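Here the structure is laid out as structure tokens; the discussion comes afterwards.
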Amino acid sequence: MNLTLRQLRAFAAVAEAGSFTAAARQLHLTQSALSVLVRELEREMGVQLLDRHTRAVELSEAGREFLPSVHRLLAELSTAVAGVTDLRDKKKGLLRLAAPQLMACTFIPRAVAAYRQRHPEVEVRVTDTLPEQLLAGMRAGDVEVAVGQDMPVDEAVLRRPLLRDRHWLICPADHALARRRSVRWRELGPWTFIAPTRDFRQRIAPEVDAEVRAMLNGPQTQEVSYMTTALGMVASGLGLTVCPTYSAPLVRAWGLAMVRLAEPDFHREVCVYTPARRSLSPAAASFVDMLLANPTLA
């Protein structure tokens, strides 16, 4: 059967009002247009749903059987439309977000707090992960948005630059270098250098000269997997490390100093990653828009 929503609403309005005239006013239709809709519905179903009398309209037996189902259908449709409208207006919804562990405990909480101020009804779930596993959840469909440092992507992932972030020298507050305005990479030679991630030396190698590369690959360099491990070791006087600007809250929590590193300045892009072949939910789309419009949240 080719029933339409307008026909069902017309039938329900006439049945409830007991009059074509009153139902037409309620639906903002002419009485003739309303009569056409009801006749089309009856013709499509092959039964008479309303008994027309001179002064009143009554439900036929078929109409009494059909009306409760029409009410349920219209109510369910109204609920479904309201639910989608709430999603559109961010009155409800779920934002599923992934970020590397360091970013998940520094930059991301500030961004989520700013988002929740705008859309308090949206539930936000943050997955903290290893940098090399950042996009795995997106490809599996478990998260919609990932925020992290730049990495290669394929055609299934859309990468948008968010900000360009500097790396800083991290040392104890009472260290000799803590009093300097800037430090050159080659001046780090006398101290143990704690490479903050497994791939750090590989990433920085093209940016530095042979002397600095030799220092970073020398016996005084120790490699760890997590930035938090590197910060803990620095706080215990076991060496020096580097970290991006957005990690400043964690650096301050450890009571450490951040000093500008120069010759060369080392930057990395922080990017927002989303699926290239799937549309984002309203919650995810609005979060991405907020980040791109306010990169200073980082």
Side-chain angles (χ1 to χ4, degrees), residues 1-98 112 115-127 137-145 156 158 274-290:
M1 291 185 181
N2 187 26
L3 307 183
T4 70
L5 189 58
R6 294 185 71 218
Q7 292 168 351
L8 296 175
R9 283 176 172 156
F11 164 66
V14 175
E16 291 164 5
S19 162
F20 277 89
T21 303
R25 284 197 301 267
Q26 176 186 334
L27 296 179
H28 305 289
L29 295 173
T30 64
Q31 186 171 333
S32 60
L34 183 63
S35 296
V36 168
L37 289 171
V38 175
R39 284 199 301 270
E40 288 175 345
L41 175 62
E42 291 176 324
R43 185 166 55 247
E44 189 68 34
M45 297 189 68
V47 295
Q48 185 169 323
L49 300 171
L50 296 169
D51 291 328
R52 287 103 167 145
H53 304 291
T54 303
R55 296 185 178 180
V57 178
E58 295 179 350
L59 287 167
S60 67
E61 183 177 351
R64 286 192 295 272
E65 177 74 20
F66 187 47
L67 184 59
S69 297
V70 172
H71 281 156
R72 284 195 299 272
L73 187 151
L74 295 177
E76 289 173 2
L77 178 62
S78 178
T79 300
V81 170
V84 173
T85 301
D86 284 347
L87 286 175
R88 181 199 65 195
D89 297 338
K90 275 75 73 181
K91 293 181 179 177
K92 71 175 186 179
L94 173 63
L95 169 61
R96 296 169 297 153
L97 172 67
V112 169
Y115 181 78
R116 289 295 304 275
Q117 283 187 332
R118 303 179 185 196
H119 307 294
E121 294 87 357
V122 174
E123 180 183 354
V124 182
R125 296 179 185 171
V126 178
T127 299
M138 182 182 300
R139 293 191 171 99
D142 296 329
V143 300
E144 284 191 277
V145 181
L158 176 63
T274 55
R277 297 170 179 166
R278 299 194 307 270
S279 60
L280 294 177
S281 68
S286 60
F287 181 76
V288 171
D289 289 344
M290 184 197 72

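Just so you know, these numbers come straight off a predicted model, no measurement behind them. Basis for what follows: all heavy atoms, side chains included, without hydrogens, waters or symmetry-related copies.
Annotation: Arg9, atom CZ; neighbour count of heavy atoms from other residues, nucleotides and ligands within 6.0 Å does not exceed 12. Counting non-hydrogen atoms of other residues, nucleotides and ligands closer than 6.0 Å to CZ of Arg125 gives a total of 12 or fewer. Residue Glu44 places its CD atom among more than 12 non-hydrogen atoms of other residues, nucleotides or ligands, all under 6.0 Å distant.
When atom types are taken as modelled, the side chain of Arg39 and the backbone of Leu37 share no donor-acceptor pair closer than 3.5 angstrom. For the pair Tyr115 (side chain) and Leu95 (backbone), a donor-acceptor distance under 3.5 Å is absent.
The pair Glu144-Arg139 fails the salt-bridge criterion, with no side-chain N (NZ, NE, NH1 or NH2) lying under 4.0 Å from an Asp/Glu carboxylate O.
Taking the side chain as every heavy atom from C-beta outward, Thr274 and Phe287 never approach each other to under 4.5 Å. Contact check for Leu73 versus Glu76: no side-chain heavy atoms found under the 4.5 Å cut-off. The shortest side-chain heavy-atom distance between Asp51 and Val57 does not fall under the 4.5 Å cut-off. Two residues are said to be in side-chain contact when any heavy atoms from C-beta on lie closer than 4.5 Å; Leu59 and Glu65 fail this criterion. Contact annotation: the side chain of Val38 approaches that of Arg52 to within less than 4.5 Å [non-hydrogen atoms, C-beta and beyond]. Side-chain contact check for Val14 versus Ser35: every heavy-atom pair is 4.5 Å or farther apart. Considering only heavy atoms from C-beta on, Phe20 comes within 4.5 Å of Leu50 through its side chain.
Shown here for Val47 and Ala62, the closest heavy-atom pair between the two residues is CG2-CB, 4.1 Å. Minimum interatomic distance between Ala22 and Ala17 (heavy atoms only, all atoms of both residues): CB-CB, 4.0 Å. Contact between Leu27 and Ala10 at its shortest, heavy atoms only, is CD1-CA, 3.8 Å. Of all heavy-atom pairs spanning Leu280 and Ala284, the tightest one is CB-CB, 4.1 Å. Looking at every heavy atom in both residues, Arg116 comes nearest to Val124 through CD-CG2, 3.7 Å.
Interatomic distance, OG of Ser281 versus CZ of Arg96, reported as 7.0 Å (0.5 Å rounding). To the nearest 0.5 Å, the span separating CG on Leu3 from CD on Glu40 amounts to 11.0 Å. Atoms CE and CG, on Met138 and Asp142 in that order, are 11.0 Å from each other to the nearest 0.5 Å. We find the CG-CG distance between Leu67 and Leu8 to be 10.5 Å, quoted to the nearest 0.5 Å.
If you run side-chain contact (heavy atoms from CB on, under 4.5 Å) between Leu97 and each of Val143, Val126, Val288, only Val126 comes through.
Side-chain contact of Glu16 with His71: a donor-acceptor pair under 3.5 Å is present, judged by distance alone. Looking at Ser60 and Gln48, their side chains never bring a donor and an acceptor atom within 3.5 Å of each other.
Scanning for salt bridge (Lys or Arg N to Asp or Glu O under 4.0 Å) contacts around Arg72 gives an empty result, with sequence neighbours left out. Partners of Arg6 according to the salt bridge (Lys or Arg N to Asp or Glu O under 4.0 Å) rule, which considers only residues two or more places apart in sequence or in another chain, do not exist here.
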- Message: side chain to side chain contact (heavy atoms under 4.5 Å, CB included) for Met45 and Phe66? Distances and angles first, verdict last.
- Response: CA-CA 11 Å; Met45 297 189 68; Phe66 187 47; 3.6 Å; yes
